[in-house]
Amino acid sequence: MEGGGGQELSTDNVKGIVLALLSSGFIGASFIIKKKGLRRAAVASGIRAGVGGYSYLLEPLWWVGMITMIVGEVANFVAYAFAPAVLVTPLGALSIIVSAVLAHFILNERLHALGVLGCVMCIAGSVVIVIHAPQEQEITSVREIWNMAIQPAFLLYVASVIVVVFVLVFHFSPLYGQSNVLIYTAICSLMGSLSVMSVKALGTSLKLTFEGTNQLVYPETWFFMLVVATCVLTQMNYLNKALDTFNTAIVSPIYYVMFTTLTILASVIMFKDWSGQSLGSITSEICGLIVVLSGTILLHVTKDYERIPQSRSIYAPLSPSLTTRLNGDLLKHVEDDRNSDEEKALRRQEMY
């Protein structure tokens, strides 16, 4: 297999691809396992999680799903230490395929023909990205990453993100946050692009430390850790707002497209992922990314059109944060119950 403009994939890239695929498999399966656990707990206790029930905490199957998700998140975290974000981030879309296929066979949530087309598009786009993936730079110290982070081009990107986020949070959010889905998702996506860069820096630092070169003695490592915590908390807050205000089938694809695009842009600026690649390889990667994003949107759109009586959605938005996934999953159950109650109330009014 060739990539990066005619060069074979490096060993680190192969490790990153394998870890990203394992991450997608575990995370995609975890949604199904947790859903089964939630259903089983609801049947046993008579109270669903969406209306305040916590019986799922006593359900072993739910904990199996949680552990599966954590394993997937750890694999995703480590993948960023081996491969560039332009390769790892788009592969996260494969977790949606795993969820969709397993839901079709296990939860009886029918996968529409257009949904199958979306799966094929995600796979095809991912293959193109892998084939033309850039080589990961060899880094020997966290200070090398720090020098990349303080280069003028990336500092300009960071400054732009911070300014836009502040404007969105303090001006647009109070005025339009409850009516325009782009406000909250834009804040999540912008902060997400910075969190992935910091996750990659932190993951590389830990990788070097485990290999025998201690990076914990450098303040830069702890600074990246602080940035990760700050960005993830901000993402969690505004993603929860988005999911609580708007339909998940609308939030998920918009968030994934914006988050993936901004993350790749940030990685290209900071890590110079496309440096040394031919124009053909870069064009192929962009085309592969567009195909993956289109397939993801198609999957969510067909999911929204399908009206399954027992469950409308099992997917959580893709992000590098485990906390974000957990909160998104719980909020969707609240939304399912709320919409169900609204439908019942409408039926009563029609009867009278």
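Residue numbers start at 1 and run along the sequence shown.
Taking all atoms of both residues into account, the shortest heavy-atom contact from Gly92 to Ser24 is CA-OG, 3.8 Å. Gly115 approaches Leu299 most closely through the heavy-atom pair O-CD2, 3.3 Å. Here the shortest heavy-atom pairing between Ser23 and Gly72 reads OG-O, 2.8 Å. Nearest heavy atoms, Pro134 versus Asn13: O-ND2, 2.8 Å. When all heavy atoms are compared, the tightest approach of Ile129 to Pro90 is CD1-CB, 3.6 Å. Taking both residues in full, the closest heavy atoms of Met121 and Ser294 are given as CE-CB, 3.5 Å, listed atom of the first, atom of the second, then distance.
Taking CE from Met197 and CZ from Phe224, the interatomic distance works out to 11.0 Å, rounded to the nearest 0.5 Å. To the nearest 0.5 angstrom, Phe31 atom CZ is 14.0 Å from Phe26 atom CZ. The CG atom of Leu94 sits 7.0 Å away from atom SG of Cys122, with the distance rounded to the nearest 0.5 Å. The line from CG of Leu91 to CG of Leu22 is 11.5 Å long, rounded to the nearest 0.5 Å. With rounding to the nearest 0.5 Å, the separation of CG in Leu293 from CE in Met258 is 12.0 Å. Atom NZ of Lys241 sits about 12.0 Å away from atom CG of Leu239, to the nearest 0.5 Å.
Side-chain polar atoms of Tyr238 and Ser173 form no donor-acceptor pair below 3.5 angstrom. Using modelled atom types, one finds a donor on one side chain and an acceptor on the other under 3.5 Å when comparing Lys272 with Gln151. In this structure, a donor-acceptor pair under 3.5 Å is absent between the side chains of Thr204 and Tyr80. The closest side-chain donor-acceptor pair between Glu285 and Ser281, if any, does not fall under 3.5 angstrom.
Connection of Leu107 to Val64 is not established within any shared hydrophobic cluster, with ILVMFWY side chains joined at heavy-atom distances below 4.5 Å, either directly or through further cluster members. Ile123 and Leu289 fall within the same hydrophobic cluster, where Ile, Leu, Val, Met, Phe, Trp and Tyr residues are linked whenever their side-chain heavy atoms come under 4.5 Å apart, directly or through other members. Leu226 and Val165 fall into different hydrophobic clusters, where Ile, Leu, Val, Met, Phe, Trp and Tyr side chains are chained together by heavy-atom contacts under 4.5 Å. Put simply, Ile96 and Val128 are part of two different groups of oily side chains (I, L, V, M, F, W, Y) that touch within less than 4.5 Å, one to the next. Note on Leu156 and Val163: separate hydrophobic clusters, where clusters join Ile, Leu, Val, Met, Phe, Trp and Tyr whose side-chain heavy atoms are under 4.5 Å apart, directly or indirectly.
Here the side chain of Trp222 pairs a donor or acceptor atom with the backbone of Leu216 at under 3.5 angstrom. Within the 3.5 Å criterion, the main-chain N or O of Gly28 finds a donor-acceptor partner in the side chain of Ser99. In terms of modelled atom types and a separation under 3.5 Å, the side chain of Thr245 and the main chain of Ala242 share no donor-acceptor contact. Within the 3.5 Å criterion, the main-chain N or O of His132 finds a donor-acceptor partner in the side chain of Gln277. Within the 3.5 Å criterion, the main-chain N or O of Pro84 finds no donor-acceptor partner in the side chain of Asp273. With hydrogens and angles disregarded, no donor-acceptor distance shorter than 3.5 Å links the side chain of Glu144 to the backbone of Ile139. Judged by distance alone, the side chain of Lys15 and the main-chain N or O of Ser10 form no donor-acceptor pair under 3.5 Å. Side-chain atoms of Gln215 come within 3.5 Å of backbone atoms of Thr213 as a donor-acceptor pair (strictly under, hydrogens ignored). Side-chain atoms of Ser30 never come within 3.5 Å of backbone atoms of Met66 as a donor-acceptor pair (strictly under, hydrogens ignored). Counting only distance, with no hydrogens or angles, the side chain of Thr209 and the backbone of Ser205 share a donor-acceptor pair below 3.5 Å.
Partner of Phe259 under the side-chain contact (heavy atoms from CB on, under 4.5 Å) criterion, chosen from Val196, Leu190, Ile264: Val196. Of the options Ile17, Thr263, Asn76, Leu19, a side-chain contact (heavy atoms from CB on, under 4.5 Å) to Val88 is made by Asn76 and by none of the others.
Trp274 places a side-chain heavy atom less than 4.5 Å from the side chain of Val86. Annotation: side chain of Leu182 is in contact with side chain of Ile254 (closest heavy-atom distance under 4.5 Å). Met148 has its side chain out of reach of Phe154: every pair of non-hydrogen atoms, C-beta onward, lies at least 4.5 Å apart. Side-chain atoms of Leu194 and Val161, non-hydrogen and from C-beta on, do get closer than 4.5 Å to each other. Counting heavy atoms from C-beta on, the side chains of Leu202 and Phe77 come closer than 4.5 Å.
Around OH of Tyr157, the count of heavy atoms belonging to other residues, nucleotides or ligands within 6.0 Å exceeds 12. Remark: Glu138 CD is loosely packed, at most 12 non-hydrogen atoms of other residues, nucleotides or ligands lying under 6.0 Å away.
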(request) Applying side-chain contact (heavy atoms from CB on, under 4.5 Å), run through Val78 and Phe82 and close with a yes or a no. (result) CA-CA 7 Å; Val78 178; Phe82 287 99; 3.5 Å; yes
Q) For Gln235 and Tyr255, what are the C-alpha separation, side-chain angles and deciding distance, and is it a side-chain contact (heavy atoms from CB on, under 4.5 Å)? A) CA-CA 11 Å; Gln235 280 179 269; Tyr255 177 40; 2.9 Å; yes
Going through the checks in order, is the side-chain contact (heavy atoms from CB on, under 4.5 Å) test met by Met225 and Val228?
CA-CA 5 Å; Met225 190 178 298; Val228 169; 5.7 Å; no
Worksheet item: Could you go step by step and tell me if Trp63 and Leu57 meet the side-chain contact (heavy atoms from CB on, under 4.5 Å) rule?
Response: CA-CA 7 Å; Trp63 283 106; Leu57 295 176; 4.0 Å; yes
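Ring pair Trp146/Phe223: centre-to-centre distance below 6.0 Å.
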